[in-house]
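What follows is a single structure, written as structure tokens, with notes after it.
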Amino acid sequence: MKHALFAISLLFTSLASAQDNVHTADSLKAEGDLMNALEHYGMAFMESPESPIAYRIAATCALLWTRQMRDTAFYFLNIGLQQDSSLEVLYDPEMMSLIEDPKWTGIEENQIRKYEAKNGIIPNAYYARQLFRMIIRDQGFMYAGNIERRKYLLNGGRFETPAIFPVLAMEERNLQVNETRLLQLLDTFGWPKTSQVTEYAAAGAALIINHGSHALRAKYFPMLEKAFQEGEAQPLRYAKMKDRLLVEEDQKQLYGTQIRFDELQKVPYPIADPELVDQRRASIGLGPLAPYLKERFGIEWKPGK
């Protein structure tokens with residue numbers, strides 16, 4: 001409990017509302033100012049001790065990567081998840097510093113139990129848990145990495161700090177660890193199906209494979225394609241791997257999911273018959289391309305451009 005009092009015990013006498021403090025904290029967190037963000041989340045929680053704010057505190061503490069902050073993260077995570085019966089925390093990359101702690105197993109068990117009480121049994125919960133951890137490892141350095149990547153673009157193609165390089169190295173190591181473990185699981189259980197591990201966990205296999213080598217994608221894409229055709233895989237995961245294989249083979253992509261940099265500007269790789277791309281996307285269950293590119297990458301796109 002003493003760790004849970006951290007900075008929250010510091011002079012939380014603010015005229016700002018809880019909502020204002022949360023908004024300020026969210027902005028500070030997006031900029032990479034975690035300690036000031038934590039202070040504002042703390043003030044918001046003192047005024048309005050609600051689960052969503054507790055979850056934000058937990059995530060911010062986890063991103064600070066120290067032992068004390070991990071203890072604090074677990075304290076607030078248990079508060080934040082009291083009314084939550086979803087599985088979202090189990091694949092939240094901001095929790096990466098927590099997943100090797102023995103207390104994380106308790107978080108997994110409690111969330112799966114609550115999810116199953118509401119949605120039915122997960123037939124292969126063990127496989128699901130392994131996949132959730134892989135998703136977190138795959139995405140776990142995105143917070144720090146993306147902040148530095150934004151600065152890279154603003155600085156005309158130069159990183160602001162050499163601290164990014166060990167982060168990139170750790171990302172690469174996590175990819176290797178994930179790939180090794182996933183191949184073991186695929187040999188044991190086969191390609192994960194939505195009906196066996198949930199839609200969220202099943203997407204993890206395609207995520208890991210798509211971040212591997214071309215040879216790996218070419219080998220396992222038929223399994224993903226079969227699962228997708230059977231309604232057992234997400235259409236976006238199918239589209240991303242299909243497009244990536246096409247781009248790697250010097251062909252035009254079909255669904256517009258693959259992005260490159262052109263003079264430090266994000267643009268889609270060439271798309272086959274771009275005037276028909278929305279029809280193709282709709283045929284597999286995806287929405288129009290322009291909103292997808294705008295929301296995901298900040299790209300303003302029109303078929304004629």
Side-chain angles (χ1 to χ4, degrees), residues 91 93 131 134-135 138-139 141-142 145-146 148-150 152-154 156-157 168 171-172 174-176 178-179 182-183 186 191-194 199-200 202-305:
Y91 53 91
L131 290 164
M134 288 182 197
I135 294 170
D138 183 271
Q139 306 286 295
F141 290 109
M142 285 187 65
N146 285 347
E148 290 306 317
R149 290 181 182 102
R150 288 196 295 270
Y152 175 90
L153 295 176
L154 293 173
L168 297 176
E171 284 183 338
E172 179 64 26
N174 279 352
L175 290 176
Q176 294 170 355
N178 271 349
E179 184 177 312
L182 179 59
L183 297 186
L186 290 174
W191 191 267
K193 296 181 177 181
T194 291
E199 176 186 8
Y200 321 104
L207 178 71
I208 305 309
I209 295 294
N210 210 31
H211 289 166
S213 66
H214 173 75
L216 197 68
R217 278 187 289 283
K219 179 179 178 179
Y220 286 99
F221 177 72
M223 291 186 182
L224 170 60
E225 187 170 45
K226 183 174 185 292
F228 171 69
Q229 291 169 347
E230 295 172 349
E232 294 279 8
Q234 289 180 342
L236 183 59
R237 291 297 167 199
Y238 165 79
K240 282 187 172 183
M241 198 178 299
K242 179 66 174 179
D243 277 351
R244 188 159 187 176
L245 285 167
L246 289 170
V247 167
E248 290 171 332
E249 294 162 3
D250 294 323
Q251 299 181 57
K252 293 181 178 180
Q253 59 176 326
L254 295 176
Y255 305 107
T257 65
Q258 300 303 294
I259 306 301
R260 61 188 173 91
F261 281 95
D262 183 1
E263 296 181 353
L264 297 179
Q265 297 295 316
K266 294 178 182 178
V267 297
Y269 278 95
I271 300 170
D273 301 318
E275 69 280 3
L276 300 178
V277 66
D278 283 348
Q279 292 178 229
R280 288 194 297 268
R281 288 173 62 89
S283 72
I284 64 168
L286 294 177
L289 180 58
Y292 168 80
L293 292 177
K294 177 66 175 178
E295 180 181 346
R296 291 292 185 95
F297 306 104
I299 296 173
E300 298 285 353
W301 182 81
K302 294 182 180 179
K305 289 181 65 176

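Computation of the quantities below employed the complete heavy-atom set of this structure, encompassing side-chain atoms and omitting hydrogens, waters and symmetry-equivalent molecules. We count residues from 1, following the sequence as given.
A distance of 9.0 Å separates CG in D273 from CG in L254, rounded to the nearest 0.5 Å. H214 NE2 to F221 CZ: the interatomic distance, rounded to the nearest 0.5 Å, is 11.5 Å. Atoms CZ and CD, from F228 and E232 in turn, are 12.0 Å apart once rounded to the nearest 0.5 Å. Here E249 contributes atom CD and R244 contributes atom CZ; the two are 12.5 Å apart, rounded to the nearest 0.5 Å. Once rounded to the nearest 0.5 Å, the distance linking OH of Y91 with CG of L131 reads 13.0 Å. To the nearest 0.5 Å, atoms CD1 (I271) and CH2 (W301) are separated by 5.0 Å.
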Report task. Any chance you could lay out the side-chain contact (heavy atoms from CB on, under 4.5 Å) test for W191 and K226, step after step, and finish with the verdict? Result -> CA-CA 10 Å; W191 191 267; K226 183 174 185 292; over 6 Å; no

Query - side-chain contact (heavy atoms from CB on, under 4.5 Å) between E225 and M241, intermediate numbers included - result: CA-CA 9 Å; E225 187 170 45; M241 198 178 299; over 6 Å; no

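A pairwise comparison of heavy atoms in Y238 and L224 identifies CA-CD2, 3.9 Å as the closest pair. Among all heavy-atom pairs drawn from A239 and T257, the shortest one is O-OG1, 3.7 Å. Contact between G256 and I259 at its shortest, heavy atoms only, is O-CD1, 4.4 Å. Annotation for Q253 and L246: closest pair CA-CD1, 4.2 Å, computed over non-hydrogen atoms. Of all heavy-atom pairs spanning Q258 and K240, the tightest one is NE2-O, 3.3 Å.
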Just distance, no hydrogens or angles: give the donor-acceptor pairs under 3.5 Å from side chains in residues 203-213, sequence neighbours left out.
unit_1	atom_1	unit_2	atom_2	d
H211	ND1	D138	OD1	3.1
H211	ND1	D138	OD2	2.8
S213	OG	L216	N	3.1

Please tabulate, for the side chains in residues 283-292, all donor-acceptor contacts under 3.5 angstrom to protein atoms that are two or more places apart in sequence or on a different chain.
unit_1	atom_1	unit_2	atom_2	d
S283	OG	R280	O	2.6

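No donor-acceptor distance shorter than 3.5 angstrom exists from the side chain of D262 to the backbone of V267, with no hydrogens or angles considered.
Enclosure of atom OH in Y200 is not indicated, since only 12 or fewer non-hydrogen atoms of other residues, nucleotides or ligands lie within 6.0 angstrom. Other residues, nucleotides and ligands contribute more than 12 heavy atoms inside 6.0 Å of the CD atom of E275.
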